[in-house]
Trainee: 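First the structure, which I've put down as structure tokens, then a few questions once you've had a look.
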Amino acid sequence: KKHELKKPEGNVSTVMRFVLLGFSDLSNLQGFLFGVFSIIYLIIIIGNSLVIILTRLDPALQKPMYFFLANFSLLEISYVTVILPRMLVNLWTQDRSISVLGCATQMCFFLMLAATECFLLAVMAYDRYVAICNPLHYPLVMNQKLCVQLAVGSWVIGIPVQIGQTAQIFCLHFCDSNKINHFFCDIPPIIKLACGDTFVHEMSVYTVAMLFVALPLMLILASYSKIISAILKLPTASGQAKAFSTCSSHLLVVVLFFGSATITYLRPKSYNSAGADKLLSLFYTIVTPMFNPMIYSLRNKDVVAALRKFFLKK
């Protein structure tokens, strides 16, 4: 009687609990998946925590770029913590039920942090744009006050909209089934369970996605088109290579995150397949946060030097 349905008036039943199917179709791999995702979670926590510690402690890393990188690492830890521990419990206990409130809470935090990620990536692109296109004005433009405002803005911008979006989705009636074919409470699989016409809700999801995914992406592309044209005007090949190396890691993260998120939220419903959804979601929820510290730090001489100093001092 774990996944009960409550009957109100009429013949529509209201779901009291959802079941996150997750990877239940891979029944003989549950233990293996638990092991893999536990290791990934540890790597994400340790890698991103190291980035935060280094950017706080090392005097050479007291620059806007690293301030944003520390924010980004904190965001990745928060983002993954909304999804992975719940998934690990489901894999370990094989009890996949989640209350409607639990599901709504998970969705709300996930959406708020996803919005933060989009805008923080745009802020980081703007920082690189100022550094490469206006190097002389860089310390003046990217002063501490502006950096803090941009970071705080990124963290709070999605909160009111995503709380509204979550409330709107959970006002739907769920009558056909309470089985969410996904490993966390994301919008597409939950809208699929709703009965009645969901067109208005889908349009609102598209609108919010345009605002929080397409707008930052446009800002990033604008910054990078200016950056690339500025780099190509540099007189020496070594200067070009150095400028490209500071940007390429950021670009790689942008492509991974925005690519998978755009396909998930902005494609037509008819192309949805649960398997592809899970795979894409794994990408932007778990794979990119794992690679971010590696992509940013191992390709960055300052961070590598700070790492050496940190461990040799220990």
Side-chain angles (χ1 to χ4, degrees), residues 43-81 113 115-157 216 219-220 223-224 226-228 230-231 239-258 288-314:
I43 292 171
I44 290 169
I45 299 286
I46 294 165
N48 285 292
S49 299
L50 251 178
V51 171
I52 296 169
I53 293 164
L54 287 178
T55 50
R56 293 267 61 88
L57 295 183
D58 197 288
L61 302 182
Q62 303 307 310
K63 296 172 186 161
M65 175 178 165
Y66 300 110
F67 168 70
F68 294 129
L69 189 53
N71 270 276
F72 194 64
S73 289
L74 178 63
L75 171 67
E76 298 292 54
I77 292 171
S78 318
Y79 188 70
V80 172
T81 302
L113 295 168
T116 300
E117 176 140 3
C118 294
F119 280 98
L120 203 50
L121 284 169
V123 166
M124 289 162 89
Y126 175 70
D127 170 66
R128 292 298 80 215
Y129 158 71
V130 180
I132 288 170
C133 298
N134 298 315
L136 297 176
H137 295 135
Y138 181 67
L140 282 172
V141 175
M142 296 306 280
N143 56 51
Q144 196 181 4
K145 188 184 169 195
L146 180 69
C147 290
V148 171
Q149 285 172 339
L150 287 170
V152 171
S154 299
W155 281 96
V156 301
I157 195 164
L219 294 169
I220 291 168
S223 296
Y224 272 99
K226 294 241 167 105
I227 286 169
I228 289 166
I231 289 175
Q240 288 182 354
K242 190 176 177 226
F244 263 123
S245 76
T246 58
C247 299
S248 54
S249 46
H250 182 240
L251 258 180
L252 190 58
V253 172
V254 166
V255 169
L256 286 173
F257 177 77
F258 278 99
T288 41
M290 180 171 75
F291 285 119
N292 281 344
M294 302 177 204
I295 289 171
Y296 276 113
S297 44
L298 300 179
R299 299 178 57 117
N300 185 309
K301 289 193 187 81
D302 294 344
V303 178
V304 171
L307 255 176
R308 274 211 194 98
K309 230 165 31 184
F310 182 74
F311 282 112
L312 291 174
K313 221 168 29 184
K314 291 267 175 291

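Along the sequence shown, the residues carry numbers beginning at 1. Note that these values count all heavy atoms, side chains included, but never hydrogens, waters or copies made by symmetry.
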Trainee: Within the structure provided, determine whether Leu69 and Met124 are in side-chain contact (heavy-atom separation under 4.5 Å).
Mentor: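 They are in contact (side-chain heavy atoms under 4.5 Å apart), so the answer is yes.
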Trainee: How long is the gap from CD1 on Ile231 to SG on Cys133, to the nearest 0.5 Å?
Mentor: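 Interatomic distance, Ile231 CD1 to Cys133 SG, rounded to 0.5 Å: 8.0 Å.
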Trainee: With rounding to the nearest 0.5 angstrom, report the CG to CG distance, Leu146 to Leu140.
Mentor: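 Rounded to the nearest 0.5 Å, the CG-CG separation comes to 11.5 Å.
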Trainee: Output the distance between atom CD1 (Ile295) and atom CG (Leu252), rounded to the nearest 0.5 Å.
Mentor: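 It comes to 4.5 Å.
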Trainee: Minimum heavy-atom separation for Phe310 to Ile53, with atom names?
Mentor: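 Heavy atoms of Phe310 and Ile53 come nearest at CE1-CG2, 3.9 Å.
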Trainee: As an exercise, state the distance from CG of Asn292 to CZ of Phe257, rounded to the nearest 0.5 Å.
Mentor: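 Separation between the atoms: 10.0 Å.
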Trainee: Listing request: all side-chain hydrogen bond (donor to acceptor under 3.5 Å, both in side chains) pairs with a residue in residues 130-155, at least two apart in sequence or in separate chains.
Mentor: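 Passing the test, one end in residues 130-155: Asn71-Trp155, Asp127-Tyr138.
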Trainee: Check whether any side-chain heavy atom of Val253 sits under 4.5 Å from a side-chain heavy atom of Phe72, and report yes or no.
Mentor: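 A side-chain contact under 4.5 Å exists here.
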Trainee: Going from CG on Leu251 to CG on Leu256, what distance comes out if it is rounded to the nearest 0.5 angstrom?
Mentor: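 Nearest 0.5 Å value for the CG-CG distance: 11.0 Å.
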Trainee: Given Tyr126 and Val141, is the side chain to side chain contact (heavy atoms under 4.5 Å, CB included) satisfied, shown in steps?
Mentor: CA-CA 11 Å; Tyr126 175 70; Val141 175; 3.9 Å; yes
Trainee: Quick one: which of Val51, Ile45, Ile46 gives a side chain to side chain contact (heavy atoms under 4.5 Å, CB included) with Ser49?
Mentor: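 Checked Val51, Ile45, Ile46 against Ser49; only one passes side chain to side chain contact (heavy atoms under 4.5 Å, CB included): Ile45.
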Trainee: What closest approach, in Å, do Pro289 and Glu76 show between heavy atoms, and which atom pair accounts for it?
Mentor: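 Of all heavy-atom pairs spanning Pro289 and Glu76, the closest is CA-OE2, 3.5 Å.
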Trainee: Would you mind reporting whether Val80 and Met290 have side-chain heavy atoms less than 4.5 Å apart?
Mentor: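 No, every pair of side-chain atoms sits at 4.5 Å or beyond.
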Trainee: Which atoms form the tightest heavy-atom contact between Ala125 and Ser223, and what is the distance?
Mentor: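 Looking at all heavy atoms of both residues, the closest pair is O-CB, 3.8 Å.
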Trainee: Where is the tightest heavy-atom contact between Asn48 and Pro293, given as atom of each residue plus distance?
Mentor: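 Reported closest heavy-atom pair: OD1-CG, 3.5 Å.
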Trainee: Short question: side chain of Asp58, backbone of Leu54 - any donor-acceptor pair under 3.5 Å?
Mentor: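 Checked: no pair found.
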Trainee: Yes or no on side chain to side chain contact (heavy atoms under 4.5 Å, CB included) for Phe67 and Val148, after CA distance, side-chain angles and deciding distance?
Mentor: CA-CA 9 Å; Phe67 168 70; Val148 171; 4.2 Å; yes
Trainee: List the atom of Ser73, the atom of Ile52, and the distance in Å for their closest heavy-atom pair.
Mentor: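 In terms of heavy atoms, the two residues are closest at CB-CG1, 3.8 Å.
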Trainee: Taking all atoms of both residues into account, what is the closest heavy-atom pair of Ile44 and Ile77, and its distance?
Mentor: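 The answer is O-CG1, 4.3 Å.
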Trainee: Find the distance between OH (Tyr224) and CD1 (Ile132) and round it off to the nearest 0.5 Å.
Mentor: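 Reported to 0.5 Å precision, the distance equals 7.5 Å.
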Trainee: Is there a side-chain contact between His250 and Leu121 in this structure, where contact means two heavy atoms from C-beta onward sitting under 4.5 Å apart?
Mentor: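 The answer is yes; the side chains approach within 4.5 Å.
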Trainee: Does some side-chain heavy atom of Thr116 sit less than 4.5 Å from a side-chain heavy atom of Tyr79?
Mentor: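 No, every pair of side-chain atoms sits at 4.5 Å or beyond.
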Trainee: Can you check side chain to side chain contact (heavy atoms under 4.5 Å, CB included) on Leu113 and Leu75, steps first, answer last?
Mentor: CA-CA 7 Å; Leu113 295 168; Leu75 171 67; 3.7 Å; yes
